[in-house]
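Structure, as structure tokens:
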2 protein chains.
Amino acid sequence: MPIQKLNTRKDTKGFESVETKTLSEQVFNELKDAIIAGDLEQGSKITEDGLAKQYGISRGPLREAIRRLEAIRLLVRIPHAGMRVVTLTTEIMEEIYTVREALEGMSARLAAQRMSDDDIRSLSVLLDKHQNSIDESQGKHYLQHEGNLDFHFRIASASNNQWLIDLLSSELYQLLRMCRQRSGQTPARPSKAIQEHRSIVEAIQTRDPELAELLMRRHISGAWKIVKELLDKEEAEDQSEQVKHIEEQA
Amino acid sequence: MPIQKLNTRKDTKGFESVETKTLSEQVFNELKDAIIAGDLEQGSKITEDGLAKQYGISRGPLREAIRRLEAIRLLVRIPHAGMRVVTLTTEIMEEIYTVREALEGMSARLAAQRMSDDDIRSLSVLLDKHQNSIDESQGKHYLQHEGNLDFHFRIASASNNQWLIDLLSSELYQLLRMCRQRSGQTPARPSKAIQEHRSIVEAIQTRDPELAELLMRRHISGAWKIVKELLDKEEAEDQSEQVKHIEEQA
DNA sequence: TAAAACTACTTTGTTGACAATTTCTGCATA
DNA sequence: TATGCAGAAATTGTCAACAAAGTAGTTTTA
């Protein structure tokens, strides 16, 4: 499906909308979304020529887009063996959650020092909304997940540290979205998560950096434990299914 | 000074030597080193054509190199106003030290859990060497600084978390080198630093993750405080010099 | 039959030219 | 003297063709 050339489209980097116009940018975004949404399968091999034809552009801009995707770790380049879409193994996901714990913990600490009272209030309102949407719609995991990211993004922003914001929003959160895609994880225990979010906001409100950091880190490492359990269970199921397959063939 | 084409040169990414061969890689490294060493002045404007001619290659590979430099934040792209070498303001440096504190703290924690006994011993030996080189050569700040980075890099490696390793070695440490370049900072209080390094190794040795993280974070935030003082003093001097200039003109 | 070498094919790396923007500069006008 | 409007110059964006390197499949030979 070739994209329309020269149409200005929206960019969702850092949750804010910016108009893009170079082909390289467009393709970068198209590819990013395709990878995150799972349209480009994990681990699948991609060729420059194939993508260039698919998107109807020449290889020049495409290569630049690829380099950028590489930089945010959505593509991996195996020297002399082409490019592949990243494969999110359990190990890699653990690495991501670990880095996230460190960075978001620091964000929370800074937010407790720097976030404006207005922003804190607004964050509190956001949590109310989340609460409502959980009560109402049991099934809309998608929105819940985005809301979850929204909460974390606001705290990152409040850190007022551009490095933290960039690392989290343009790299880690993209991968996190992808994690969800992998086997449609439901956000684990939504109400418990909100509860934890509330404690974090409370710590920020009382301007307690240490506590805010501690709670955020606990929140994230707790989330990882649950995700990991899900993944392990899945893996076990896959295994047994493979065994069944083999038995059938025998 | 055009580089020789097709000569295989060494790459120092992550402190290990790898042969590179594409022009894009070569120029990426050349430019990176030039920026870090200060050959390309901070904040100076650069043009694709200019660099392409200077390095004797076409703009294609150069653009890819530029995109990568951009990704590791050595170049900043101001839309429609060209590219500039990053300018390390005090604010940006503070951001870097903050992120570093979070990531290296986490590294130290993981190292305490995962580093092999052999590696710990070897790290201890490294500190002995540093001690010696301080005792002997008072003046060789350069080596001291590299040694310092070496220590930190080893701990990052021991985390066994590829994300942490990459973020630290391919992004933060590059900038850190550049910080030193800015006004030839002497590594602040070398003997005290070594002492702190020793405590960190000790915590790792006794497999105490919490303590290792705490000490590492304290070490880095302490280092920042000293660097900041130096920078502030410099700035004040610059100010007064400017005032003098104005007075002379008046 | 298995290993080695050659050939054809695929994919990535590189280039120079062309097109589209944007910035700069000088001139006319109020 | 300030302001705004050409036109020119410089710069970035895009393309298509060429070159080099690697891969796979086939043939040949031991």
Side-chain angles (χ1 to χ4, degrees), chain A residues 2-11 13 18-32 35 40-41 43-71 74-86, chain B residues 2-9 11 13 18-32 40-41 43-71 74-86:
Chain A
I3 63 175
Q4 296 159 275
K5 284 195 199 177
L6 296 176
N7 65 336
T8 53
R9 57 180 299 292
K10 296 292 180 173
D11 179 330
K13 176 186 172 183
V18 180
E19 292 206 352
T20 59
K21 57 166 177 277
T22 73
L23 286 182
S24 171
E25 285 274 296
Q26 288 181 45
V27 174
F28 170 74
N29 283 302
E30 298 267 349
L31 277 175
K32 191 185 69 181
I35 293 173
L40 276 174
E41 210 167 344
S44 63
K45 189 175 171 186
I46 62 181
T47 64
E48 292 182 2
D49 217 41
L51 283 183
K53 280 189 183 118
Q54 191 176 341
Y55 286 97
I57 63 169
S58 72
R59 281 172 53 223
L62 184 78
R63 283 173 70 102
E64 290 177 24
I66 286 177
R67 290 294 177 284
R68 293 182 55 192
L69 262 341
E70 212 187 326
L74 254 31
L75 292 181
V76 287
R77 177 195 217 71
I78 309 159
H80 307 151
M83 313 265 324
R84 290 185 175 280
V85 178
V86 68
Chain B
I3 63 177
Q4 298 160 276
K5 284 195 196 178
L6 295 176
N7 65 337
T8 55
R9 55 181 299 294
D11 177 331
K13 176 187 173 184
V18 179
E19 292 205 352
T20 60
K21 56 165 175 274
T22 72
L23 286 181
S24 170
E25 286 274 295
Q26 288 181 46
V27 173
F28 170 75
N29 284 301
E30 298 267 350
L31 277 174
K32 191 185 68 183
L40 275 173
E41 209 167 346
S44 63
K45 189 174 172 185
I46 62 180
T47 64
E48 293 182 1
D49 219 41
L51 283 183
K53 279 187 184 118
Q54 191 176 342
Y55 285 96
I57 63 169
S58 70
R59 280 173 51 223
L62 184 77
R63 283 173 70 103
E64 290 177 25
I66 286 178
R67 291 293 176 282
R68 293 182 56 194
L69 261 342
E70 212 186 327
L74 254 33
L75 292 181
V76 288
R77 178 196 216 69
I78 307 158
H80 309 150
M83 314 262 325
R84 290 184 174 282
V85 178
V86 68

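For clarity, every value in this text was computed on a predicted model and none was experimentally measured. Values below: every heavy atom of this structure, side chains too, minus hydrogens, waters and symmetry copies. In the text below, chain A, chain B and the rest are named by the order of the sequence lines, each starting its count at 1.
- Side-chain proximity of B:Ile57 to D:dT14, C:dT15, C:dT14: nearest is C:dT15.
- Relative to the side chain of A:Thr47, the nucleotides C:dT11, D:dT14, C:dT15 differ in distance, and C:dT11 lies closest.
- Here the P atom of nucleotide D:dC15 and the OH atom of A:Tyr55 are 15 Å apart, to the nearest Å.
- Taking CD of A:Glu30 as the start and CG of A:Leu40 as the end, the distance is 11.0 Å to the nearest 0.5 Å.
- In this structure, B:Arg67 contributes its side chain and A:Glu64 its backbone to no donor-acceptor pair below 3.5 Å.
- Taking side-chain N and O atoms only, B:Arg67 has a distance below 4.0 Å to OP1 or OP2 of D:dG13.
- B:Glu41 has its side chain out of reach of B:Val85: every pair of non-hydrogen atoms, C-beta onward, lies at least 4.5 Å apart.
- Rounded to whole angstrom, the span from the CD atom of A:Glu48 across to the C1' atom of C:dT14 amounts to 12 Å.
- With rounding to whole Å, B:Arg68 atom CZ is found 11 Å from C:dG13 atom P.
- Distance check: A:Phe28 CZ to A:Thr22 OG1 gives 10.5 Å after rounding to the nearest 0.5 Å.
- In this structure, A:Asp49 places its CG atom 19 Å from P of D:dA20, rounding to the nearest Å.
- When the P atom of D:dG13 is taken as reference, atom CD of A:Glu25 falls 9 Å away, rounded to whole Å.
- Taking side-chain N and O atoms only, B:Arg59 has no distance below 4.0 Å to OP1 or OP2 of C:dG13.
- Look at CZ on A:Arg77: it is 15 Å from P on C:dT11, rounded to the nearest Å.
- No side-chain donor-acceptor contact under 3.5 Å links B:Arg59 to the backbone of B:Glu48.
- A straight line from CD of A:Glu64 to C1' of C:dG13 spans 14 Å, rounded to a whole angstrom.
- Rounded to whole Å, the distance from CG on B:Leu62 to C1' on C:dT15 is 13 Å.
- The side chain of A:Arg63 places no N or O atom within less than 4.0 Å of a non-bridging phosphate oxygen (OP1 or OP2) of D:dC15.
- When each of D:dT14, C:dT12, C:dT15 is scored by its nearest atom to the side-chain atoms of A:Pro61, the top-ranked nucleotide is D:dT14.
- Contact annotation for A:Gly60: no contact, since no heavy-atom pair falls under 4.0 Å across all strands.
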